Protein chains: 2
Amino acid sequence: MRSDARKNYDHILAVARDLLSGEGADASLRDIARKAGVGDGTLHRHFPTREALLEALLRTSFDALAARAGELTRCEQADEALLSWLREAIVVTHSYKGVITPMVAAIADENSALHSSCVDLRQAGAELLQRAQTKGLARQDMDGNDLFALISALAWLADQPPLVPRADHLFEIISDAILSRRTGGVPESQRA
Amino acid sequence: MRSDARKNYDHILAVARDLLSGEGADASLRDIARKAGVGDGTLHRHFPTREALLEALLRTSFDALAARAGELTRCEQADEALLSWLREAIVVTHSYKGVITPMVAAIADENSALHSSCVDLRQAGAELLQRAQTKGLARQDMDGNDLFALISALAWLADQPPLVPRADHLFEIISDAILSRRTGGVPESQRA
DNA sequence: TGACAAATGGAGCGGCGCGCCGTTTAAGCG
DNA sequence: CGCTTAAACGGCGCGCCGCTCCATTTGTCA
């Protein structure tokens with residue numbers, strides 16, 4: 001890659017990170033090009049689709065999340081490990097509002113630039129889930145797809161402005177569903 | 001309203017019902033106008049925004065859902081009543097793929113044409129929820145907003161093609177969360 | 001320094017939701 | 001019945017969008 005190309009690539013990525021974290025993952029690509037001071041053509045050559053741009057932005061976060069799952073595998077409480085990782089995964093998806101929808105679409109589309117990122121994410125979660133299941137701490141009737149779906153749902157909920165105030169609470173409710181085998185129910189004293 | 005206007009109004013609505021149920025709630029409005037054989041202006045005068053059109057399409061279903069909630073209030077098992085109604089509510093939102101996002105946005109926007117429809121829906125659910133809670137059959141730490149959010153999440157999940165195969169199962173998982181007090185867990189034999 | 005592949009940027013294409021406005025038409029009245 | 005008039009009409013035009021194409025510029029290396 002030529003030096004000017006490299007510079008533009010990096011600069012576009014930086015501008016995109018800025019703009020998308022403010023306006024959400026569906027911000028105008030033309031705006032990004034304008035703000036980066038490059039032509040539309042340049043942006044689209046480096047990132048042919050919106051997914052390609054998102055992939056470049058999310059790749060490192062997703063790798064970190066996969067690594068984190070590895071660490072948590074060595075945690076004593078398999079249920080707490082899963083829970084912590086879920087929380088972190090959702091935080092990552094909140095880097096860019098609205099990013100979860102293309103991610104879900106990508107997991108079934110091998111041609112999407114986001115595909116492998118999403119598959120990796122699902123795999124990381126699936127391992128933590130399975131460990132919790134083996135120890136009898138999570139519902140047995142779930143797999144990695146279900147976990148991915150529930151993460152998606154929680155991420156989507158937290159992307160909807162009217163639902164934001166209850167997002168944490170909804171996380172608890174759904175967590176309880178996943179880890180329902182843990183206690184057979186949350187003690188009265190711990191409920192909101 | 002003049003007779004020609006009435007005819008166009010009805011015809012547009014019929015065409016929209018057809019087209020939106022196939023292509024989803026974000027189908028092109030211009031396409032609807034074209035297919036109905038009217039100009040863009042005519043469509044937009046009758047339905048100033050997409051929300052207005054959706055409202056006209058959903059109104060009767062929502063009213064029916066509210067009435068259904070009333071009926072179910074007289075059902076013996078408050079938990080089963082809530083569950084049935086949830087299922088029906090989600091079926092209604094599936095009339096038009098992608099309709100849940102504008103609905104969620106509308107519940108916090110009093111100026112949206114969809115606002116009152118959504119408020120009514122939330123209210124209907126809230127009553128069934130409260131009855132189940134009173135009888136100790138549903139989580140105490142939830143209100144109508146939470147229920148609405150969970151319905152939204154389930155509706156959204158079922159709108160995502162890759163997640164469709166697991167949608168029913170995810171419904172069960174989240175139902176268990178809402179009605180967790182019912183049994184303290186699903187018997188091993190009933191799990192997938 | 002010259003040649004050339006690589007990279008650029010912006011005009012252009014077909015799409016969108018929607019506002020505007022000159023034209024047509026239904027409907028009530030003398 | 002014909003006239004009038006307000007209501008309804010349709011579609012052009014605006015500013016967006018993602019994306020493609022290609023004449024022009026620029027970095028690189030012999």
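To find a chain, count down the sequence lines: A is the first, B the second, and so on, and within it residues start at 1. Being a predicted model, the structure only gives us computed values, none of them experimental.
Residue A:Ser28 is in sugar-phosphate contact alone, with no base atom involved, counting any heavy-atom pair closer than 4.0 Å across all strands shown. Here B:Arg34 lies in heavy-atom contact (under 4.0 Å) with sugar-phosphate atoms only. Among the heavy atoms of the strands, none lies under 4.0 Å from A:Ala36.
Taking 4.0 Å as the cut-off between side-chain N and carboxylate O, A:Arg131 and A:Glu127 do not count as a salt-bridged pair. In this structure, A:Lys97 does not pair ionically with A:Asp159, as no charged nitrogen and carboxylate oxygen lie closer than 4.0 Å. Between A:Asp4 and A:Lys7 no salt bridge is recorded (no basic side-chain N to carboxylate O distance below 4.0 Å). For the pair A:Arg139 and A:Asp176, the salt-bridge criterion is not met [side-chain N within less than 4.0 Å of a carboxylate O].
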Exercise. Go through B:His169 and A:Asp141 one step at a time and tell me if the side chain to side chain donor-acceptor pair (under 3.5 Å) criterion holds.
Key: CA-CA 9 Å; B:His169 186 221; A:Asp141 63 347; 3.3 Å; yes
Self-check item: Pair B:Leu29-B:Phe47, side-chain contact (heavy atoms from CB on, under 4.5 Å): steps then yes or no
Solution: CA-CA 10 Å; B:Leu29 297 182; B:Phe47 308 102; over 6 Å; no
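To the nearest angstrom, C1' of D:dT20 lies 14 Å from CG of A:Leu43. In this structure, B:Asp26 places its CG atom 9 Å from P of C:dG17, rounding to the nearest Å. Across the protein-nucleic acid pair, B:Leu29 atom CG and D:dG10 atom P stand 16 Å apart, rounded to whole Å. C:dG15 atom P lies 16 Å from atom CD1 of B:Ile32, rounded to whole Å.
A:Tyr9 and A:His46 have perpendicular rings, their planes meeting at more than 60° on a 0 to 90° scale where under 30° would count as parallel.
With respect to B:Leu170, the side chain to side chain contact (heavy atoms under 4.5 Å, CB included) criterion is satisfied by exactly one of A:Ile174, A:Leu150, A:Asn145: A:Leu150.
Each of B:Arg6 and A:Glu51 lies near DNA chain D, and the nucleotide nearest B:Arg6 is the one positioned closer to the 5' end.
The base of C:dG15 does not come close enough to the side chain of B:Arg30 for any donor and acceptor atom to sit less than 3.5 Å apart.
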Identify the pairs formed between an N or O of the protein and an N or O of nucleotides 1-5 of chain D at a distance under 3.5 Å, and give each distance.
none

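Atom CG of B:Leu72 and atom CD of B:Gln77 lie 11.0 Å apart (nearest 0.5 Å).
The side chain of A:His44 sits closest to D:dT20 out of D:dG10, D:dC17, D:dT20.
Contact annotation: B:Asn8 side-chain N/O to D:dC9 OP1/OP2 distance is under 4.0 Å. Of the side-chain N and O atoms in B:Thr42, none sit less than 4.0 angstrom from OP1 or OP2 of D:dA8.
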Exercise. Would you mind building the protein contact string for nucleotides 22-30 of chain D? One character per nucleotide, 5' to 3', B for base within reach (heavy atoms under 4.0 Å), S for sugar-phosphate only, - for untouched.
Key: ----BSS--
